[in-house]
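Computed over heavy atoms, backbone and side chain alike; hydrogens, waters and symmetry mates excluded.
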Amino acid sequence: MYNLYQKFKKYILFFMDFVIWNVAFYLSFAINKNSFSLLGFEKLFIECILIVNVCFVVIFFCFKMHDKIWRYADVEDFFYAGLSIFLSNFFFFVITFIRHNNLGIRMYVLFLLVSEFLNFMARLLYRFNRILETEVKYSTNRKKRLLIVGAGEATNIVLREIYRNSGNEYLPICIVDDDRSKIDRSVIGIKVRGSTYEISQICKNENIDVILFCILNINSPDRCRILDICARTNIELKIISSIYDTLTSNNSSMPFIRYVNIEDLLGRDPVVFDCKNYGNYLIGKTVLVTGGGGSIGAELCRQIALLEPKKLIILDIYENNAYEIQQELYRNYVFPNFKINKKAFDFEVQIASVRDSRKIDKIFLDKNIDIVFHAAAHKHVPLMEYNPEEAVKNNVFGTLNVAIMAEKYKIDKFVLISTDKAVNPTSIMGATKRICEMIIQLMNTNTSKTQFSAVRFGNVLGSNGSVIPLFKEQIKNKGPITVTHPDVIRYFMTISEAVALVLTAGGLAKGGEIHVLDMGEPVRIKDLAENLIRLSGLVPYSDIQIEYTGLRPGEKLYEEILMDEEGIKLTENNKIYTGNPIKFDEHEFKRDLEDLKIACKSNDTNLIRKIISKIVPISKNI
């Protein structure tokens, strides 16, 4: 029966309106003539009511009034309903005036008022009846009691969706908002009980099961403050996605509600780059990404694919990662273009090591490469402390191999992916990356065409080997979370920020610069661990313990982004800074590289450490 109603609902609504028009005209006519029996006015009544129905049917059809879903009607829908009724009355007046039907102005005014009133009342009653039916049906089962943060338009959308989707798991209880003028007012029947500072007490009083952060436009400090208050309640915490995420989500059950990510607690607004503008240099170019299967390299490939390169070459030694990004690019950029008869995105995968100079030479020779993003590197600090020869072979001489080929084949740009660990390094890994920067500086001074530059990252949230995946895995296993030291702090950025920085810096590069991102204030790792535990609905030091294991070999208490000698200056992009290259003896540096190569061939780790320390003094852990 319900399915039959759904199928013919449009016609049922039309029949309802048909009855309303006729009842409204009869009442208006009878009141105007002071006779409900209509004796003596039968012919005039029949002529006029036929005109009424023609006018209303035509106007309502033009405005598609029966195609609207009145259960979700808003002010605009009711405005057009009122306008359609007014126009129907207007054309009725014009036609009867031309036909000299003697009705009188009183009759026209009565009919306009009565028809408007009855149509509006019918739609309002229908709308609220459907909402009430949903609420009754919805409240019969046990739902999660929901507190919503924010009493704005996003909350209005969420509540409408909750009431529409009776199969969802939430029961809205109350709202909190820091706008004092909204307190004790309601959004679709849900009352604003207090401010965000009262969340903890309200959750206790109302037995809240879930908190939903429902503010789209808010500055980062306020967002972090409110999310921290919510997290400290140890209640399940979720957040509304952006409108874009909502529209593109494939999740049919409350698609715009997601769990809070640690990125939401970065303590600063995400940095957004105009990659379309600064990425113009990639249009029509052949681009090589070394280490293209890693977390940074793969994201580089995704974003480069959007910038219309002539060809993308993905180089990686680890075939599994390379295969995954290959299949993703096929799914997202190749197959869809085949379906719409558009030129497919051109890319290929090369399984090779940057250590293999002959293979790298052949790739440059065969592929006519224009731009290189060099992301291939060993990056795990403790592992490289125990394997310094591998750090040097891959990071130093891998970079040197690719840079030499870039200069030999006179490519346009070479961008090195470096790290803040290269600043005053305390580790072998950091020292090798600083040597890589020196190689880039050396190459830039000895080339007439290629622009060599570097980009320094902080810690990238969610990248392979970063602390967040480790912490999540430890929480999944019931702890403990291991932190090296309670005072360790790090700069953090998201993968998308890191890659956008690389692409933008490539566009800004003139040659020889080291670019860094304004990453705001550094974050204490202990605080990060505590917040991640709370976001999982658990209590730090109660449900999940945090244990301090001591700084690992090569680790610092804090990282720096520029050395004192480099200075700092702002680029035309106010979120990117550059450091001035530090001068060094190029001839001595080249001799040291030759000595380092000989030491690596014999895998003499002591000699390797000695030579590295000569090139780049390695400090003790700080």
Side-chain angles (χ1 to χ4, degrees), residues 282 285-307 309-335 337-338 344-380 383-384 387 389-409 411 413-418 429 432-433 436 439 460 463-465 495 498-499 502-503 506 597 600-601 603:
L282 294 170
K285 301 293 185 179
T286 299
V287 184
L288 169 66
V289 179
T290 69
S295 48
I296 299 298
E299 182 63 21
L300 264 171
C301 294
R302 294 183 191 103
Q303 294 196 28
I304 290 170
L306 299 172
L307 297 172
K310 178 182 178 181
K311 186 170 186 176
L312 172 63
I313 300 169
I314 303 168
L315 185 147
D316 205 294
I317 188 61
Y318 184 45
E319 62 174 325
N320 290 350
N321 281 350
Y323 176 78
E324 287 179 7
I325 187 62
Q326 178 195 55
Q327 295 306 305
E328 181 182 335
L329 292 177
Y330 273 133
R331 287 193 305 271
N332 295 336
Y333 300 104
V334 177
F335 297 143
N337 288 336
F338 281 149
F345 170 60
D346 190 10
F347 78 99
E348 67 177 69
V349 173
Q350 290 281 337
I351 302 300
S353 170
V354 291
R355 301 181 185 188
D356 187 345
S357 59
R358 290 185 179 179
K359 179 67 181 284
I360 299 299
D361 193 346
K362 188 174 188 307
I363 291 172
F364 272 84
L365 177 64
D366 294 344
K367 306 303 178 182
N368 295 316
I369 294 165
D370 299 302
I371 297 168
V372 171
F373 293 100
H374 182 53
H378 287 325
K379 67 176 186 177
H380 293 284
L383 287 178
M384 294 306 102
N387 299 275
E389 70 283 4
E390 296 304 311
V392 171
K393 291 174 186 176
N394 200 62
N395 294 0
V396 174
F397 293 109
T399 297
L400 184 60
N401 285 339
V402 181
I404 288 172
M405 298 309 158
E407 195 274 333
K408 176 181 177 181
Y409 292 96
I411 72 165
K413 290 178 182 287
F414 181 106
V415 181
L416 167 72
I417 312 301
S418 189
M429 194 283 285
T432 59
K433 294 301 283 185
C436 291
I439 290 171
V460 180
S463 64
N464 295 334
I495 290 179
V499 170
V502 173
L503 296 177
K597 182 182 291 187
C600 282
K601 287 181 179 179
N603 291 313

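Around atom NZ of K597, no more than 12 heavy atoms belonging to other residues, nucleotides or ligands sit under 6.0 Å away. Annotation for E319: atom CD does not count as buried by contact number, only 12 or fewer foreign heavy atoms lying within 6.0 Å.
The backbone N or O of L383 sits less than 3.5 Å from a side-chain atom of N387, completing a donor-acceptor pair. With K413 contributing its side chain and G506 its backbone, the two residues share a donor-acceptor pair below 3.5 Å. The main-chain N or O of K311 is never found under 3.5 Å from a side-chain atom of D346 such that the two would form a donor-acceptor pair. Distance alone, capped at 3.5 Å, is enough to place a donor-acceptor pair between the N401 side chain and the F397 backbone. Side-chain atoms of D370 never come within 3.5 Å of backbone atoms of K285 as a donor-acceptor pair (strictly under, hydrogens ignored).
In this structure, F364 and Y409 have parallel ring planes: the angle between them is below the 30° cut-off, well short of the 60° mark.
Across all non-hydrogen atoms, the minimal contact from V287 to P309 is CG2-CB, 4.2 Å. Shortest non-hydrogen contact noted between A322 and V349 is CB-CG1, 3.8 Å. Residue M429 comes nearest to K379 through the heavy atom pair CE-O, 3.3 Å, listed as atom of the first residue, atom of the second, then distance.
Within the 4.5 Å cutoff, side-chain heavy atoms of V354 are placed close to those of H374. Looking at heavy atoms from C-beta onward, M384 lies out of side-chain contact with T432 at the 4.5 angstrom threshold.
Rounding to the nearest 0.5 angstrom, the gap separating the CD1 atom in I360 from the CG atom in L400 is 12.0 Å.
A donor and an acceptor atom, one from each side chain of K393 and N603, are located under 3.5 Å apart.
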